[in-house]
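Have a look at this one.
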Amino acid sequence: MSYLKSLMTLAVLAGGCILPLQAHASPQGKKVSYNTSHSHKRAKKPAHSSEASFAARQRMHNRALLLSKQKEKQRHEMPIVEGSAHDKAALRSQNRRYLEQHPEWFATPYRRHNLHLQDGTSLADSQHLQTVTDEIVNRLQHQLGKPYVWGGESPEEGFDCSGLVYFAYNKLLAAKLPRTADEMYHFRRAKTVADNDLQRGDLLFFHIHTRNKADHVGVYLGDGRFIESPRTGERIRISYLADAFWQEHYLGSKRILTDNTVL
């Protein structure tokens with residue numbers, strides 16, 4: 001040991017540095033060896049576990065917050081209607097009826113862009129429309145032979161031309177027809193129909209005593225025939241559109257019976 005101490009003293013006096021010595025005892029405990037090797041590379045300091053977990057938690061929190069905000073935005077922009085296909089179809093039908101009943105909700109006339117829905121409601125609506133048209137025509141034909149009465153709109157008192165239409169249609173329409181022939185002609189829910197596209201139930205308008213104002217209306221029955229309440233002294237009858245008198249005074253036709261307008 002005295003020899004080792006002497007070496008250490010000489011190293012210090014020479015201005016050198018002493019390397020740490022690690023003593024290793026032999027299994028027998030008789031010899032002691034010294035390891036003077038030393039690595040000049042600094043050992044990597046391990047990351048602090050608490051700091052790493054905090055950063056990870058912060059990132060997870062931020063991602064969850066962004067996802068929540070995105071879902072909330074989508075929920076407001078695109079509302080989801082829950083329920084079966086039948087429930088959704090019923091809701092759409094109800095909404096269409098509301099839109100037709102309240103034209104004042106729109107600056108321009110409401111138009112249904114797609115009548116062919118994937119759930120098959122257009123087929124059901126068309127069948128229902130046919131049933132409604134049949135009922136209206138039956139109501140009209142039951143009034144044949146009754147007298148023309150100016151201002152009349154009931155089977156008991158008789159009908160004028162627009163009163164007959166008013167009676168037959170309005171019970172089955174969501175958007176009710178106005179009372180006079182000219183108001184019906186300009187009714188915003190009535191669609192103009194080409195002469196070669198007339199269907200049963202379309203309204204035919206004539207200007208008999210005026211030039212551009214509709215003062216007479218009848219209902220097309222098909223095959224060139226229409227039902228009308230003509231004038232004082234006459235009775236409700238079926239006439240023919242091809243007759244010269246009606247061709248001379250014909251103003252145009254309108255369609256009020258559509259999938260959107262009937263109840």
Note to self: Looking at Q143 and R139, would you say the former's side chain and the latter's main chain have a donor-acceptor pair under 3.5 Å?
What the structure shows: yes
Here the gap from L129 atom CG to D134 atom CG, rounded to the nearest 0.5 Å, amounts to 9.5 Å
K171 with E135: basic N within carboxylate O range, under 4.0 Å
no
Tightest non-hydrogen contact, residues L164 and E228, listed as CD2-C, 4.3 Å
- prompt: Got a donor-acceptor contact below 3.5 angstrom from the N170 side chain to the K176 backbone?
  reply: no
Worksheet item: Hey, what's the ring geometry for F206 with H216, parallel, tilted or perpendicular (30° and 60° as the breaks)?
Response: tilted
Side chain to side chain contact (heavy atoms under 4.5 Å, CB included) evaluation trace for D197 with R255: CA-CA 10 Å; D197 192 34; R255 181 166 299 154; 3.8 Å; yes
- Check whether any side-chain heavy atom of R237 sits under 4.5 Å from a side-chain heavy atom of I227, and report yes or no. no
Donor-acceptor pair, side chain of T210 and main chain of H207, under 3.5 angstrom: no
Between the CG atom in N212 and the CG atom in L251, the distance rounded to the nearest 0.5 Å is 7.5 Å
Rounded to the nearest 0.5 angstrom, the NE2-CG distance for H86 and L91 is 12.0 Å
Practice problem: May I ask you to check whether over 12 heavy atoms, not counting those of K146, lie within 6.0 Å of atom NZ? | Solution: yes
Would you check if L204 and V217 make a side-chain contact, meaning some heavy-atom pair closer than 4.5 Å?
no
If only atom types and distance count, is the side chain of Y169 paired as donor or acceptor with the main-chain N or O of G201 below 3.5 Å?
yes
Across all chains, not counting sequence neighbours, the side chain to side chain contact (heavy atoms under 4.5 Å, CB included) partners of Q247 are L241
Open item on the list: Would you say that more than 12 heavy atoms from the other residues, nucleotides or ligands in this model lie under 6.0 Å from the CZ of F245, or not?
Closed with: yes
Looking only at atom types and distance, does a side-chain atom of D202 sit under 3.5 Å from a main-chain N or O of Q199, one as donor and one as acceptor?
-> yes
